[in-house]
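One structure is given below, encoded as structure tokens.
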Amino acid sequence: MRTTWLARFQIVAVGLALSGCRTSVAGHYQLDLEETKRCVDKAAVDNPEDAHMKDGTVKLLAATALDMELNQAGKMLSTTTLTSASPPSAQRRDGTWKLEGTQVKIKVEGEADTICDVDGSRLRCQKPVLYTLFSHYVLVRK
């Protein structure tokens, strides 16, 4: 069976498009403070009962340094450091991650899953937590 140049072009174009859709999310991330502030603003509007805590939440986020590594083997390691404490206090978490379509699912034992939408170099994450102003945050690749 002989294929036409158009059919071959379509096969190549589909192959290039599919390879372009593969997103490697492995790498190091940090908190994108400006984008996360927007998430806090939206959460305060959506949850007026928490709105009075918005300024304190933003202040706490500004004093937080987050480093998250998603390695190629599917392991996650995060270190969160509260820089306003004297001395600064750090908390480390280990877990796993998995890319499912355009979302990353992060699992830490004993905690609810974090679901992050892949948005270029950013991960737009949400996690069910009691304090709604902390339920959405954005990470950016270092």
Side-chain angles (χ1 to χ4, degrees), residues 1-48 50-51 53-142:
M1 178 177 187
R2 188 176 160 149
T3 57
T4 66
W5 70 269
L6 181 59
R8 281 183 267 170
F9 173 78
Q10 289 172 331
I11 291 169
V12 169
V14 168
L16 289 173
L18 289 175
S19 67
C21 291
R22 292 186 188 135
T23 304
S24 174
V25 295
H28 281 270
Y29 293 85
Q30 64 189 15
L31 185 67
D32 185 327
L33 183 58
E34 292 307 311
E35 289 290 318
T36 300
K37 283 180 186 178
R38 287 183 191 76
C39 294
V40 171
D41 288 342
K42 183 176 181 333
V45 169
D46 293 345
N47 302 289
D50 290 342
M53 296 182 279
K54 183 179 98 169
D55 292 339
T57 301
V58 170
K59 185 176 179 180
L60 183 61
L61 287 169
T64 302
L66 172 69
D67 176 59
M68 180 182 288
E69 178 189 5
L70 304 177
N71 74 22
Q72 293 287 349
K75 301 290 182 191
M76 183 280 305
L77 173 64
S78 72
T79 304
T80 305
T81 305
L82 186 58
T83 59
S84 64
S86 183
S89 63
Q91 181 182 24
R92 295 177 56 102
R93 293 287 217 209
D94 295 312
T96 60
W97 70 275
K98 181 178 177 183
L99 182 63
E100 297 177 349
T102 60
Q103 292 185 324
V104 174
K105 183 185 283 186
I106 300 172
K107 292 183 166 283
V108 174
E109 189 174 331
E111 294 184 10
D113 292 348
T114 300
I115 306 297
C116 303
D117 292 319
V118 178
D119 180 12
S121 63
R122 287 182 170 75
L123 298 177
R124 297 185 182 279
C125 302
Q126 60 183 350
K127 180 177 183 173
V129 293
L130 293 176
Y131 184 51
T132 59
L133 297 183
F134 283 120
S135 64
H136 291 77
Y137 58 93
V138 180
L139 303 174
V140 64
R141 189 184 298 266
K142 287 184 172 184

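Positions are given from 1, in the same order as the sequence printed here.
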- Message: Do Ile106 and Ile115 make a side-chain contact, defined as non-hydrogen atoms from C-beta onward lying under 4.5 Å apart?
- Response: no
- Message: Any non-hydrogen side-chain atom of Met76 less than 4.5 Å from a side-chain atom of Thr96?
- Response: no
- Distance, nearest 0.5 Å, that separates CG of Asp113 from NZ of Lys107: 3.5 Å
- Query: Out of curiosity, Glu34 CD to Leu61 CG, how far, rounded to the nearest 0.5 Å?
  - Reply: 11.0 Å
- Message: If you define the side chain from C-beta out and look only at heavy atoms, does anything of Cys39 sit under 4.5 Å from Val138?
- Response: yes
- Message: Could you work out, with salt bridge (charged side-chain N to carboxylate O under 4.0 Å, His left out) as the rule, every residue matching Asp55, not counting sequence neighbours?
- Response: none
- Is the shortest heavy-atom distance from the side chain of Thr64 to the side chain of Thr81 under 4.5 Å? no
- Under the 3.5 angstrom rule, does the side chain of Arg141 hit a backbone N or O of Gly120 as a donor-acceptor pair? no
- Verify the distance criterion only: is there a donor paired with an acceptor across the side chains of Thr79 and Asp67 at less than 3.5 Å? no
- Taking only Lys NZ, Arg NE, NH1 and NH2, and the carboxylate oxygens of Asp or Glu, determine whether Lys75 and Asp94 approach each other closer than 4.0 Å. no
- Contacts of type disulfide (SG to SG under 2.5 Å), residue Cys125, not counting sequence neighbours: Cys116
- Item | Any donor-acceptor N/O pair, Thr36 side chain to Leu33 backbone, under 3.5 Å | no
- Give, for atom OG1 of Thr114 and atom CZ of Arg93, the distance between the pair rounded to the nearest 0.5 Å. 10.5 Å
- Message: I'd like to know if Asp41 and Lys37 make a salt bridge, using a cut-off of under 4.0 Å between side-chain N and carboxylate O.
- Response: no
- Query: What's the spacing between Lys59 NZ and Lys54 NZ if we round to 0.5 Å?
  - Reply: 15.5 Å
- Query: Checking side-chain contact (heavy atoms from CB on, under 4.5 Å) for the pair Val104/Val118: CA distance, chi angles, key distance, verdict?
  - Reply: CA-CA 7 Å; Val104 174; Val118 178; 3.8 Å; yes
- Message: So which atom in Ala51 and which in Ala44 form the shortest heavy-atom distance, rounded to 0.1 Å?
- Response: CB-O, 3.7 Å
- Task: Report yes or no: do Tyr131 and Thr57 form a side-chain donor-acceptor pair below 3.5 Å?
- Result: yes
- Item | Donor-acceptor contact below 3.5 Å, side chain Thr83 vs main chain Ala63 | yes
- Flag if over 12 foreign heavy atoms under 6.0 Å of CD, Glu100: yes
- Go through Leu66 and Leu139 one step at a time and tell me if the side-chain contact (heavy atoms from CB on, under 4.5 Å) criterion holds. CA-CA 9 Å; Leu66 172 69; Leu139 303 174; 3.3 Å; yes
- Query: Of the non-hydrogen atoms in Lys127 and Ala112, which two are nearest, and what is the gap between them?
  - Reply: CE-O, 3.5 Å
- Should Leu60 and Phe134 count as side-chain neighbours, where that means a heavy-atom distance under 4.5 Å? yes
- Any chance you could measure Leu70, atom CG, to Lys98, atom NZ, to the nearest 0.5 Å? 15.0 Å
- Message: I'd like to know if Asp117 pairs up with Arg122 as an ion pair, taking the criterion as any Lys NZ or Arg NE/NH1/NH2 lying under 4.0 Å from an Asp or Glu carboxylate oxygen.
- Response: no
- Would you check if Glu35 and Val140 make a side-chain contact, meaning some heavy-atom pair closer than 4.5 Å? no
- Distance, nearest 0.5 Å, that separates CZ of Arg38 from NE2 of His136: 15.5 Å
- Item | CA sep, side-chain torsions, deciding dist, call: Tyr29, Leu123, side-chain contact (heavy atoms from CB on, under 4.5 Å) | CA-CA 9 Å; Tyr29 293 85; Leu123 298 177; 3.8 Å; yes
- Is atom NZ of Lys42 surrounded by more than 12 heavy atoms (other residues, nucleotides or ligands) closer than 6.0 Å? no
- Message: Would the distance check show the side chain of Trp97 and the main-chain N or O of Asn71 forming a donor-acceptor pair, the cut-off being under 3.5 Å?
- Response: yes
